[in-house]
Amino acid sequence: MTALKGRYRIGKRFSFDAAHHLAGLPEGHKCARLHGHTYTVELVLAAEELSGPGFVTDFGDLAPVKTFLDGHLDHRSLNDVLPVEPTSENLARYLAEWFVEHVEPGIGGRLETVRVSETPSSWAEFEVIRP
């Protein structure tokens with residue numbers, strides 16, 4: 001059998017509920033008013049080699065993400081807790097930066113993307129580009 005070169009990828013979804021409003025929008029724009037979403041956050045991690053019994057990383061090693069979401073973002077006004085305008089794009093980058101600093105050093109895989117959905121039909125994604 002021919003050995004293929006490639007990369008392994010895994011994904012994990014989390015959700016939380018929060019409110020926000022967006023400044024700088026035209027008068028009457030619905031997103032300028034305070035409103036809420038059930039956000040879905042999806043992380044994609046990759047590795048060229050598997051560790052342990054055959055993991056990119058153990059899904060259990062991603063538990064700190066749920067703890068962070070529940071403790072810092074769930075049932076909050078994102079305008080009050082984020083250092084950036086609370087768009088899905090900015091939230092995806094914010095979560096990617098937090099993950100790379102706080103979770104990634106202790107696991108085998110490396111973060112590739114964070115996707116944030118405000119609704120089932122729309123999403124924003126931040127792709128981590130490494131040197």
Side-chain angles (χ1 to χ4, degrees):
M1 179 175 355
T2 304
L4 297 175
K5 284 193 84 166
R7 182 176 12 192
Y8 300 93
R9 298 174 74 206
I10 63 168
K12 177 81 174 160
R13 277 191 202 109
F14 303 90
S15 65
F16 68 95
D17 296 299
H20 73 152
H21 67 276
L22 302 176
L25 294 172
E27 187 176 329
H29 193 289
K30 66 181 182 178
C31 293
R33 296 188 302 269
L34 183 64
H35 62 285
H37 298 285
T38 296
Y39 287 89
T40 301
V41 175
E42 183 175 354
L43 307 177
V44 177
L45 288 83
E48 292 183 16
E49 301 291 329
L50 298 178
S51 61
F55 292 151
V56 168
T57 195
D58 187 329
F59 287 113
D61 292 340
L62 303 178
V65 176
K66 181 66 173 154
T67 301
F68 179 76
L69 295 173
D70 288 350
H72 292 87
L73 303 179
D74 189 48
H75 283 82
R76 306 229 181 189
S77 171
L78 297 183
N79 297 80
D80 295 340
V81 295
L82 293 179
V84 294
E85 187 72 11
T87 64
S88 291
E89 294 87 344
N90 284 333
L91 181 55
R93 181 178 185 146
Y94 173 79
L95 292 172
E97 290 171 346
W98 178 87
F99 185 91
V100 167
E101 181 178 344
H102 293 96
V103 179
E104 193 175 89
I107 62 173
R110 294 294 167 250
L111 185 66
E112 282 194 342
T113 58
V114 175
R115 182 177 286 184
V116 173
S117 298
E118 293 182 353
T119 71
S121 62
S122 62
W123 55 265
E125 184 174 86
F126 181 79
E127 179 180 4
V128 178
I129 299 174
R130 302 190 188 254

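Position 1 is the first residue of the sequence, and the numbers go up from there.
- Between L69 and L95 the shortest side-chain heavy-atom distance falls below 4.5 Å.
- Both Y8 and V103 belong to a common hydrophobic cluster when Ile, Leu, Val, Met, Phe, Trp and Tyr are linked at side-chain heavy-atom distances under 4.5 angstrom.
- Shown here are the salt bridge (Lys or Arg N to Asp or Glu O under 4.0 Å) partners of K12, two or more places apart in sequence or in another chain: there are none.
- Checked by atom type and distance alone, the side chain of H35 never pairs as donor or acceptor with a backbone atom of A19 at under 3.5 Å.
- For residues 26-41, no residue pair satisfies the salt bridge (charged side-chain N to carboxylate O under 4.0 Å, His left out) rule, not counting sequence neighbours.
- Shortest non-hydrogen contact noted between P105 and V100 is CD-O, 3.3 Å.
- Sorted by first and then second residue, the pairs that involve residues 98-109 and meet side chain to side chain donor-acceptor pair (under 3.5 Å), not counting sequence neighbours, are W98-H102, E104-R130.
- Among residues at least two apart or in separate chains, salt bridge (charged side-chain N to carboxylate O under 4.0 Å, His left out) pairs with a member in residues 114-129 are R115-E125.
- Shown here are the ring-ring contact (aromatic ring centres under 6.0 Å, His included) partners of H21, two or more places apart in sequence or in another chain: there are none.
- Contact record, T40 with R13: CG2-CD, 3.8 Å, taken as the closest heavy-atom pair.
- In this structure, the side chain to side chain contact (heavy atoms under 4.5 Å, CB included) partners of A124, at least two apart in sequence or on a different chain, are S88, E89.
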Please report, to 0.1 Å, the donor-acceptor pairs under 3.5 Å made by any side chain of residues 56-64, with sequence neighbours excluded.
residue : atom : partner : partner atom : Å
T57     : OG1  : D61     : OD2          : 3.4
D58     : OD1  : G60     : N            : 2.8

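- In this structure, D17 contributes its side chain and D74 its backbone to no donor-acceptor pair below 3.5 Å.
- Applying the ring-ring contact (aromatic ring centres under 6.0 Å, His included) criterion to H72, with sequence neighbours excluded, gives F68.
- Between F99 and I107, the closest side-chain pair of non-hydrogen atoms falls below 4.5 Å.
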Using residues 41-48 as the side-chain source, report each donor-acceptor pair under 3.5 Å to any protein atom, sequence neighbours left out, with the distance given to one decimal.
none

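- By the side chain to side chain contact (heavy atoms under 4.5 Å, CB included) test, S77 is found to be paired with N79, D80, residues two or more places apart in sequence or in another chain being considered.
- Residues satisfying the ring-ring contact (aromatic ring centres under 6.0 Å, His included) criterion with Y39, sequence neighbours excluded, are F16, H37.
- Hydrophobic clustering, defined by side-chain heavy atoms of Ile, Leu, Val, Met, Phe, Trp and Tyr closer than 4.5 Å, groups L25 together with L22.
- R93 places no side-chain N or O within 3.5 Å of a backbone atom of V114 that could act as its donor or acceptor partner.
- In the hydrophobic clustering of this structure, Y94 groups with F14; members are Ile, Leu, Val, Met, Phe, Trp, Tyr whose side-chain heavy atoms approach within less than 4.5 Å, directly or through other members.
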